[in-house]
Visitor: 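I have a structure I would like to understand better, so I am pasting it below and will then ask my questions one at a time.
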Amino acid sequence: MRILAVLLAALLAGAVHASPDFWRNEWPETNFDKTSVANWGEILSGGPPKDGIPALSDPSFVRASGKRGIDLREPVITVEIGGAEPRAYPIRYLIWHEIVNDRVGGIPIAVTYCPLCNSAITFDRRTRHGVLSFGVSGKLRHSDMVMYDRETQSWWQQAVGEAIVGDLTGTKLKTLPAWMESWDEFRTRNPEGLVMAEPRHNRDYGRNPYRGYDTSRRPFLYSGEMPPHGINPLERIVRVGNRAWPMSRLARAGVVKEAGVTISWTEGQASALDSGRIGKGRDVGSIRVKDGQGRDVSHDVMFAFAFHAFWPDGRWMLAN
């Protein structure tokens, strides 16, 4: 937890200076006159500077059948687009890099993961302003990563996929169907699928720098309102649009059919934010969300506090 304590000290110090004028000095190419942020106190420095957490671009891949060194229960983000070969992006890499700019089936994508709110979302990088590439700003809002695009230096809220500061404010990214599952699930289903190769960075891949975070009493670096209905702020929920299903309910039921979707839960995926080694984390299960035609549906598995922060009027899908 030492790394979290260091981040907290940095954030509390940064909060004093949270204003457009302060950020202009660090981001001279960002248009701070255009923004949807009403309260600049919500944006805090996360400690690392711009690109201090290095996003990845155009990573290398190997066949799943030949990949070694990943525990079978470790989570990966799976992307299956059209007829393109399925790809797995291990959380053991994303927990250190948070964004991967890639291209699958001719579509430029950004695979993103915010450890502090457990939000794992894959975006289409094409916009009416052109194809964008993303980096990590080093800023947080409601404990969620603020990304930036390298083309206009606009800031983007990862959890909602929308630009919140800069020339592109109000622009939204399209979310693509992707999901987190265990490495064993992916490689069993796709033995000749592709898995991202280990990046050439000096990181202890496989270690969890946020040890014990998802069993903390309170969310880290968050001062907003807690979720209603007595829901633990760090409980995982499955978000589809503006609806949230508590993971505890899904684990008990196995399958839930509501609001036009079928959500299934299966055991076997380790929490990336529990043990010191990702593969040793407790079992939190894997989720698939499909529509009435059996097609994968865009969704997120995030912490309850983050859902409430960004969807304060969202609907909680509780057991009857």
Side-chain angles (χ1 to χ4, degrees), residues 71-81 86-92 94-95 111-115 117-123 144 158-161 175-190 193 213-215 227 231-274 278-279 281-308 310-311 314-319:
D71 190 280
L72 294 180
R73 298 171 61 248
E74 285 191 36
V76 301
I77 297 175
T78 296
V79 177
E80 296 183 3
I81 296 177
R87 297 193 182 196
Y89 300 80
I91 293 298
R92 61 165 38 217
L94 276 157
I95 204 168
V111 182
T112 71
Y113 177 63
C114 176
C117 58
N118 196 61
S119 178
I121 309 176
T122 298
F123 299 107
D144 178 61
Q158 182 261 357
V160 298
T175 303
L176 299 172
W179 57 93
M180 286 180 66
E181 62 183 339
S182 71
W183 166 234
D184 189 44
E185 288 175 290
F186 178 87
R187 71 168 198 162
T188 297
R189 195 175 64 255
N190 305 294
Y213 175 57
D214 67 355
T215 52
I231 296 173
N232 186 321
L234 286 162
E235 173 165 2
R236 287 170 170 81
I237 61 92
V238 176
R239 181 189 67 80
V240 182
N242 66 346
R243 289 183 167 90
W245 284 260
M247 186 74 89
S248 56
R249 177 191 173 194
L250 299 171
R252 289 192 302 269
V255 177
V256 171
K257 296 182 179 182
E258 288 178 340
V261 297
T262 298
I263 306 176
S264 58
W265 180 95
T266 55
E267 63 182 0
Q269 181 189 152
S271 165
L273 302 169
D274 180 26
I278 291 175
R282 72 187 189 285
D283 193 336
V284 294
S286 299
I287 289 292
R288 290 292 292 273
V289 183
K290 294 181 178 290
D291 64 15
Q293 286 73 49
R295 298 171 299 193
D296 287 300
V297 173
S298 298
H299 66 280
D300 192 12
V301 178
M302 66 196 317
F303 290 136
F305 81 86
F307 174 75
H308 187 56
F310 292 106
W311 288 269
R315 184 171 177 182
W316 294 88
M317 307 300 287
L318 308 178

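Atoms considered below: every heavy atom in the structure, side chains included; atoms not considered: hydrogens, waters and symmetry mates. Nothing here was measured: the structure is a model prediction, and the numbers come from that model.
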Visitor: In chain order, what residues pass the side chain to side chain donor-acceptor pair (under 3.5 Å) check against Q269, with sequence neighbours excluded?
Guide: S286
Visitor: In plain terms, say whether D184 and R73 are close enough for a salt bridge, that is, a side-chain N and a carboxylate O under 4.0 Å apart.
Guide: no
Visitor: What distance do I231 atom CD1 and I237 atom CD1 have between them, rounded to the nearest 0.5 Å?
Guide: 8.5 Å
Visitor: Using a 3.5 Å distance criterion without hydrogens, assess whether the side chain of T122 forms a donor-acceptor pair with backbone atoms of V111.
Guide: no
Visitor: Nearest 0.5 Å please: distance from the CD atom of E267 over to the CD atom of E185.
Guide: 9.5 Å
Visitor: Evaluate side chain to side chain contact (heavy atoms under 4.5 Å, CB included) for R249 paired with L318, printing each intermediate quantity in order.
Guide: CA-CA 7 Å; R249 177 191 173 194; L318 308 178; 5.8 Å; no
Visitor: For N232, is there any backbone N or O sitting under 3.5 Å from a side-chain donor or acceptor partner on E235?
Guide: no
Visitor: Are the side chains of F303 and P233 in touch, meaning some heavy atoms are under 4.5 Å apart?
Guide: no
Visitor: Which one of V256, V238, V289 satisfies the side-chain contact (heavy atoms from CB on, under 4.5 Å) criterion with V261?
Guide: V289
Visitor: Side chains of F305 and F310: does their closest heavy-atom pair fall under 4.5 Å?
Guide: no
Visitor: With the threshold set at 4.0 Å, does a side-chain nitrogen-carboxylate oxygen contact exist between R92 and D71?
Guide: no
Visitor: Specify the closest pair of heavy atoms between V255 and S264, including all atoms of both residues, with the distance to one decimal.
Guide: CG2-CB, 4.2 Å
Visitor: Could you check whether atom CZ of R315 has more than 12 heavy atoms from other residues, nucleotides or ligands sitting under 6.0 Å from it?
Guide: no
Visitor: For the pair E80 and R87, find out whether any cationic side-chain nitrogen is under 4.0 Å from an anionic carboxylate oxygen.
Guide: no
Visitor: Hey, does L94 have a side-chain heavy atom less than 4.5 Å from the side chain of Y89?
Guide: yes
Visitor: Is any side-chain heavy atom of R243 closer than 4.5 Å to a side-chain heavy atom of E258?
Guide: no
Visitor: Are the side chains of W245 and I263 in touch, meaning some heavy atoms are under 4.5 Å apart?
Guide: yes
Visitor: Looking only at heavy atoms, what is the nearest atom pair of P246 and A244, with distance?
Guide: CD-O, 3.8 Å
Visitor: Mind listing the closest non-hydrogen atom pair of F186 and T78 along with its distance?
Guide: CD1-OG1, 3.5 Å
Visitor: How about D291 and T262: do any of their side-chain heavy atoms sit closer than 4.5 Å?
Guide: no
Visitor: May I have the step-by-step check of side chain to side chain contact (heavy atoms under 4.5 Å, CB included) for I77 and E181, ending in yes or no?
Guide: CA-CA 7 Å; I77 297 175; E181 62 183 339; over 6 Å; no
Visitor: Going by distance alone, is a donor N or O of one side chain under 3.5 Å from an acceptor N or O of the other, for Y113 and N118?
Guide: yes
Visitor: Flag the pair S182 / E74 as yes when at least one side-chain heavy-atom distance between them is below 4.5 Å, and no otherwise.
Guide: no
Visitor: Provide the closest heavy-atom pair for C117 versus Q158 in the form atom of the first, atom of the second, distance.
Guide: SG-OE1, 4.5 Å
Visitor: Mind checking whether L273 and L234 have side chains closer than 4.5 Å, heavy atoms only?
Guide: no
Visitor: Looking only at atom types and distance, does a side-chain atom of D296 sit under 3.5 Å from a main-chain N or O of R288, one as donor and one as acceptor?
Guide: no
Visitor: Within this structure, what is the SG-CE distance for the pair C114 and M302, rounded to the nearest 0.5 Å?
Guide: 8.5 Å
Visitor: Checking side chain to side chain contact (heavy atoms under 4.5 Å, CB included) for the pair M180/V301: CA distance, chi angles, key distance, verdict?
Guide: CA-CA 8 Å; M180 286 180 66; V301 178; 5.6 Å; no
Visitor: Measure the acute angle between the ring planes of H308 and W316, then classify it against the limits of 30° and 60° as parallel, tilted or perpendicular.
Guide: tilted
Visitor: Which heavy atom in A270 sits nearest to a heavy atom in G281, and how many Å separate them?
Guide: CB-O, 3.5 Å
Visitor: Main chain of W311, side chain of N242: is a donor-acceptor contact present, judged purely on distance under 3.5 Å?
Guide: no
Visitor: Taking the side chain from D274 and the backbone from R282, do they hold a donor-acceptor pair closer than 3.5 Å?
Guide: yes
Visitor: Distance check, rounded to the nearest 0.5 Å: Y213 atom OH versus S271 atom OG?
Guide: 11.5 Å
Visitor: Judged by atom type as modelled, is there a donor-acceptor pair below 3.5 Å linking the side chain of D300 to the main-chain atoms of A120?
Guide: yes
Visitor: Measure the spacing between CH2 of W183 and CD1 of I278 and express it to the nearest 0.5 Å.
Guide: 14.5 Å
Visitor: Restricting to non-hydrogen atoms, name the atom on N190 and the atom on P86 that form the minimum distance, rounded to 0.1 Å.
Guide: OD1-CG, 3.4 Å
Visitor: Test your reading of the model: is there a side-chain donor-acceptor pair from W265 to the backbone of S248, 3.5 Å cut-off?
Guide: no
Visitor: First locate atom CG of L176, then atom CZ of F123, and finally report the distance between them rounded to the nearest 0.5 Å.
Guide: 9.0 Å
